[in-house]
Colleague: 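One structure, pasted below without further comment.
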Amino acid sequence: MTESGTPRSTPEEPWPVRVVSQKLSAWIGKLGWVWVDGQVAQISRRPGAATVFLTLRDPSADLSLTVTTNRDVLDAGAPELADGARVLLHAKPEFYAARGTLSLRADEIRQVGLGELLARLEKLKKLLAAEGLFDRSRKRRPPFLPNRIGLITGRASAAERDVLTNAQRRWPAVQFRTVNVAVQGPTAVPQILDALKVLDADPGIDVIVLARGGGGVEDLLPFSDEALCRAVFGCRTPVVSAIGHETDIPLVDYVADLRASTPTDAAKRIVPDLGEETRLIRMARDRLDRAVIGLVERESQRLDAWRSRPAMSRPEVLLDQRNTEVKALRDRAGRCVEHRLGTATGDLRHTVARLRALSPAATLHRGYAIVQRADGHVVRDSVEVTAGDPLRLRLAQGELTAIAEPQM
């Protein structure tokens, strides 16, 4: 069948299995010698045999290869080699056509020492730090009271017992989903990665705890694995690292959202203490009661003070005072208006008297008369009239008419 699902046409000349196997063997034989880094999962030394068989495993993946080497090569490069050791070997890939298996043939084996391991870890630490995996700004705070906790630890280990016992002692209702894995050796990293994936996909898990007891640098190597560090960084659920003791700091401690010095410390930091929280609630409630009582007492005293004031105890006194003030202001205003009216009346009388003294009517009353011609022109000089002209004489009371006579 092709990828689209349609039947393939029958080949003219199908290859036998041996031909395919031989071609694979020939192609792999062209690869040449390579340097391989891995962890020894098993060593098989047969008494009296010159060949030693190793099972080499990738620490970060569920993958292993068989390695064959001469006993002299092993004794020269790694005489104390044991299961779980990290090695660097120079080997050539070989494909056995008869069995269809791939293996490595090594002519040099070097056991990776502690100094080289630490140098590799330091290099990896700088790489991960440069990529921002240790950045504090991206670390998430675990919830105050998680509904359910995911625990990744060794089966029936002291770390598991410490976390469960201390957490349940602090908060009896706490729930765990525990996934037991290998915490050292070649299978540790793949199992921890699978457990992380399972717990991170569980919507009921609020926080994940990686717990392991103390150990040597080689024992804690799985928790400094690059793949594990990146997996912890990619988790959507907050991860707490509780690996080893206070002095043990694998790389996953820097990547995790929270680092606990020990599994017991992890239990204390992810679960609150019921007794302590109850005591704090009781203290807060007492403080609240005292605050409310104090507030009520202060407000009661303030009301009593307001009630004792004259305006509240005898409000009519305030009204009487205001009434007296209004009357005094009204009397004062009346006196002011009366005084202003009297002054204005006197000024008016004086002005009227002056007007009367200066008016033409007053002059007429003193015996004078106003002489006007028939056209109304006031005669001020005798030359302004001629004999026989009619004249009009205005007196203080009434008028007279006259005829101008010639002057003698």
Side-chain angles (χ1 to χ4, degrees), residues 21-124 154-155 181-195 212 215-229 231 250-251:
S21 181
Q22 291 171 357
K23 288 184 176 293
L24 285 175
S25 178
W27 182 82
I28 293 175
K30 297 178 182 179
L31 294 178
W33 294 83
V34 294
W35 285 99
V36 182
D37 178 18
Q39 190 172 21
V40 177
Q42 184 179 4
I43 303 177
S44 178
R45 295 185 178 94
R46 297 177 182 177
T51 303
V52 178
F53 297 91
L54 306 177
T55 300
L56 193 67
R57 190 178 188 88
D58 190 320
S60 302
D62 189 10
L63 177 66
S64 61
L65 283 175
T66 300
V67 180
T68 60
T69 187
N70 190 278
R71 182 181 294 272
D72 295 336
V73 173
L74 181 62
D75 292 340
E80 303 297 331
L81 189 64
D83 293 350
R86 196 74 173 262
V87 294
L88 183 66
L89 52 86
H90 187 248
K92 186 178 187 302
E94 293 182 343
F95 185 78
Y96 292 91
R99 296 193 301 269
T101 59
L102 178 66
S103 64
L104 299 174
R105 177 166 53 88
D107 64 353
E108 183 178 355
I109 297 178
R110 301 176 186 175
Q111 184 170 356
V112 179
L114 180 59
E116 187 174 352
L117 282 176
L118 294 177
R120 290 187 182 184
L121 292 180
E122 186 63 27
K123 183 178 180 181
L124 178 59
R155 183 179 304 276
V181 297
V183 292
Q184 69 181 61
T187 62
V189 173
Q191 292 185 22
I192 296 175
L193 291 175
D194 292 341
R212 186 202 190 283
V217 176
E218 295 85 351
D219 297 333
L220 301 181
L221 278 180
F223 297 95
S224 293
D225 185 81
E226 181 178 0
L228 178 58
C229 291
L251 295 185

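In this text the structure is predicted, and so the values were computed from the model without any measurement.
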Colleague: Using only atom types and a distance under 3.5 Å, with no angle test, would you say the side chain of Ser224 pairs donor to acceptor with the backbone of Leu251?
Modeller: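 Checked: pair present.
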Colleague: Is the CZ atom of Arg155 crowded by more than 12 outside heavy atoms at less than 6.0 Å?
Modeller: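 Incorrect, the count does not exceed 12.
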Colleague: Do Leu56 and Leu89 have side chains that approach each other closer than 4.5 Å (heavy atoms only, starting at C-beta)?
Modeller: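 Yes, their side chains come closer than 4.5 Å.
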Colleague: Any side-chain heavy atom of Leu54 sitting closer than 4.5 Å to one from Val87?
Modeller: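 Result no, sub-4.5 Å side-chain heavy-atom pair not found.
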Colleague: Taking it one step at a time, do Phe53 and Arg46 satisfy side chain to side chain contact (heavy atoms under 4.5 Å, CB included)?
Modeller: CA-CA 9 Å; Phe53 297 91; Arg46 297 177 182 177; 4.1 Å; yes
Colleague: Quick check: do Gln39 and Leu221 have side-chain heavy atoms less than 4.5 Å from each other?
Modeller: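 Not touching, per the 4.5 Å side-chain cut-off.
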Colleague: Quick check: closest heavy atoms across Val181 and Ala195, and the distance to 0.1 Å?
Modeller: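 Heavy-atom minimum between the residues: CG1-CB, 4.0 Å.
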Colleague: Is Ser64 reaching over with its side chain to a backbone N or O of Thr55, donor-acceptor style, under 3.5 angstrom?
Modeller: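 It does not hold such a pair.
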Colleague: Taking the inter-plane angle between the rings of His90 and Trp35 on a 0 to 90° scale, is it parallel (under 30°), tilted (30 to 60°) or perpendicular (over 60°)?
Modeller: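 Taking Trp35 first and then His90, their aromatic rings sit tilted (interplane angle of 30° to 60°).
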Colleague: Side-chain contact test, heavy atoms from C-beta onward, threshold under 4.5 Å: evaluate it for Thr66 versus Thr101 and give yes or no.
Modeller: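 No; the side chains remain at least 4.5 Å from each other.
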Colleague: CD1 of Ile43 to CG of Leu81: how many Å apart, nearest 0.5 Å?
Modeller: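 So the gap between those two atoms works out to 3.5 Å.
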Colleague: Closest heavy-atom contact between Tyr96 and Ser103?
Modeller: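 Smallest interatomic distance, heavy atoms only, reads CE1-OG, 2.9 Å.
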Colleague: Below 3.5 Å, can you tabulate the donor-acceptor pairs from side chains in residues 183-193 to any protein atom, sequence neighbours excluded?
Modeller:
{"from": "Gln184", "atom 1": "OE1", "to": "Arg212", "atom 2": "NH2", "distance (Å)": "2.3"}
{"from": "Gln191", "atom 1": "OE1", "to": "Ala182", "atom 2": "N", "distance (Å)": "2.8"}

Colleague: Roughly how far, to the nearest 0.5 Å, is CD1 of Ile109 from CG of Asp107?
Modeller: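 Between Asp107 CG and Ile109 CD1, I get 9.0 Å after rounding to 0.5 Å.
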